[in-house]
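Structure, as structure tokens:
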Number of protein chains: 2
Amino acid sequence: MNTKANQKRQTPSRAWEDYLKIIYKLESSENLGKGVQTKELAQRLAVSQASVTNMLKKLAEEQYIDYQPYYGVSLTEAGRLVAMKMLRNHRVLETYLVARLGYSWDEVDEEAETLEHFLSDKLVERMWHDLGQPTHDPHGSPIPSIDGQIEPVQLQSLTEITLQTPVRLKWIKNRSPEELRYLASIGLHINAQIVIKNQAPFQGPLLIEVDDQHFHALDYRMALALFVEAE
Amino acid sequence: MNTKANQKRQTPSRAWEDYLKIIYKLESSENLGKGVQTKELAQRLAVSQASVTNMLKKLAEEQYIDYQPYYGVSLTEAGRLVAMKMLRNHRVLETYLVARLGYSWDEVDEEAETLEHFLSDKLVERMWHDLGQPTHDPHGSPIPSIDGQIEPVQLQSLTEITLQTPVRLKWIKNRSPEELRYLASIGLHINAQIVIKNQAPFQGPLLIEVDDQHFHALDYRMALALFVEAE
DNA sequence: AAAAAAATTTAGAGTAAGCTAATAATTTTT
DNA sequence: AAAAATTATTAGCTTACTCTAAATTTTTTT
Ligand SMILES: [Mn+2]
Ligand SMILES: [Mn+2]
Ligand SMILES: [Mn+2]
Ligand SMILES: [Mn+2]
């Protein structure tokens with residue numbers, strides 16, 4: 001009856017869930033195959049690095065992550081499943097708010113960031129079925145399946161597209177509400193058609209035509225966050 | 001620049017909100033005009049009496065309650081408004097889950113008990129408008145208005161009704177999911193017609209007829225929680 | 001009015017999650 | 001290969017909320 005070894009893995013708290021979700025996001029958008037850094041986590045979670053170190057020890061203890069002190073962390077399968085559940089909760093809710101309660105795509109993230117931790121499985125599944133089992137959220141992010149599978153994103157950034165080739169907007173990655181409102185105001189919603197007419201040098205703005213209608217100058221950094229598919 | 005006096009009142013935490021909500025419920029269902037007791041709060045919140053005392057000091061400090069040590073507590077106006085917001089959030093959500101997501105009345109309380117603390121005003125108002133601005137939840141409890149007004153319940157308990165007088169069921173107070181399912185199974189939903197055919201002595205069961213269809217024996221303690229209105 | 005019972009508060013401690021400052025390890029630059 | 005810069009960890013505190021056990025006050029019973 002060893003008190004430590006026998007202990008059940010606890011239900012992850014809100015804090016743990018946010019850590020695991022961010023670790024997942026950093027892991028999958030990471031250029032290299034290295035572990036996720038303490039510093040990056042601290043930034044994304046808006047807590048001190050010391051707090052992150054402290055929490056990583058607990059997450060490792062409960063086997064949600066593999067932790068090599070000084071060399072970063074990666075998710076275990078248990079940790080990945082927690083992250084997937086958060087992404088599913090978050091994205092199903094966002095989709096529901098837009099489709100059923102008149103939210104616009106810039107309003108949903110704030111609501112979902114908190115509620116993702118408190119929605120029951122039952123509620124998420126009922127929303128998802130009511131919506132017709134959607135596969136993507138209002139920003140084009142894939143919704144993990146209930147058993148934790150997620151479609152790999154196979155899209156190109158708008159910055160990688162050659163001039164004059166019409167493409168369709170499929171995913172907007174991580175933009176602020178203000179930026180999302182701006183994008184909507186120039187017609188850049190999911191599935192909009194985009195043709196790059198010109199690209200200024202030195203990572204300068206792109207001249208784009210949207211849905212064969214209007215021309216706009218698009219900042220290079222913004223273009224980096226727009227992911228598209230050949231028509 | 002006194003650190004204490006200048007301090008803003010903090011946004012109430014989930015724990016504070018639950019305390020204030022329960023204080024409200026005990027205050028308004030209390031027989032006498034005395035303060036709400038520490039012991040009752042401890043029972044309803046499932047925490048120790050010492051924890052309650054500790055929390056009451058903080059709530060009094062922030063002026064959400066009036067607290068007379070040893071003689072119980074009552075809500076201030078600020079405290080009452082917090083309680084009303086929780087009841088509104090809780091009851092609007094319950095109504096939404098039943099009307100829009102196929103929940104039955106015995107499933108909604110569990111979901112609402114947690115989510116009431118995390119729903120934004122925007123979301124609650126959108127659900128409420130989408131539902132057509134309902135005034136009562138699926139159990140018949142009144143939904144406070146957005147500015148904290150609540151309709152006083154003016155109903156009689158089924159135990160106070162004379163034999164053979166048809167009445168309509170308007171409110172089921174505080175029943176467990178199991179009891180709610182049982183009530184539904186014998187046709188006792190909101191607005192069902194009830195006629196008491198007989199009442200056994202010594203607070204024994206009531207013989208009732210439901211919607212002119214079926215007869216049932218109803219436990220006296222259950223009847224105490226059913227509130228009705230003359231037809 | 002005293003004794004007994006019940007309710008309440010106080011004392012002391014624990015856990016979760018955060019912080020700053022100090023220290024240590026790693027990585028980058030020279 | 002040193003020095004400098006960066007990143008990470010440790011040490012020591014803090015706050016919010018909870019607990020049990022002991023002490024105190026109020027209420028009820030005798
Ligand atoms: Mn989001
Ligand atoms: Mn979150
Ligand atoms: Mn309820
Ligand atoms: Mn609650």
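Here is how names work: the chains are called A, B, and so on, in the same order as the sequence lines, proteins then strands, and each is numbered from 1.
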| Under 3.5 Å, is there a donor-acceptor pair between the side chain of Arg80(A) and the main chain of Gly148(A)? | yes

| request: Check for a donor-acceptor pair, side chain of Glu40(A) on one end and backbone N or O of Gln37(A) on the other, with a separation under 3.5 Å. | output: yes

| message | Please enumerate all residues that pass ring pair (Phe, Tyr, Trp, His ring centres under 6.0 Å) together with Tyr24(B), with sequence neighbours excluded. | response | none

| task | Could you tell me whether a side-chain N or O of Tyr103(A) sits under 3.5 Å from a main-chain N or O of Leu123(B), the two making a donor and an acceptor? | result | yes

| If the sugar-phosphate is the primed atoms plus P, OP1 and OP2 and the base is the rest, what is the B/S/- string for nucleotides 10-19 of chain D, using protein heavy atoms under 4.0 Å? | B-----SBBB

| note | Between Thr38(A) and Pro69(B), whichever has its closest DNA chain D nucleotide further toward 5' is Thr38(A)

| Is a donor on one side and an acceptor on the other found under 3.5 Å between the side chain of His139(A) and the backbone of Trp105(A)? | yes

| task | Just report the end-to-end axis angle for the helix from dA1(C)-dT30(D) to dT30(C)-dA1(D), five pairs per end, to 10 degrees. | result | 0°

| task | Whole angstrom is fine here: how far is it from OH in Tyr71(B) over to C1' in dT26(D)? | result | 6 Å

| query | If you draw a 6.0 Å radius around NZ in Lys170(A), do more than 12 non-hydrogen atoms from other residues or ligands fall strictly inside? | reply | yes

| request: Please check if the side chain of His129(B) supplies one atom and the backbone of Glu125(B) the other of a donor-acceptor pair under 3.5 Å. | output: yes

| task | Please name all residues satisfying ring pair (Phe, Tyr, Trp, His ring centres under 6.0 Å) with Tyr67(A), sequence neighbours left out, ordered by chain then number. | result | none

| field | Span of DNA chain C, from the first to the last nucleotide whose atoms fall under 4.0 Å of chain B heavy atoms | value | dA7(C) to dT10(C)

| How would you list all residue pairs meeting side-chain hydrogen bond (donor to acceptor under 3.5 Å, both in side chains) that involve residues 143-158 of chain A, not counting sequence neighbours? | His136(A)-Glu151(A), Ser145(A)-Asp147(A), Ser157(A)-Thr159(A)

| Under the 3.5 angstrom rule, does the side chain of Arg44(A) hit a backbone N or O of Lys39(A) as a donor-acceptor pair? | no

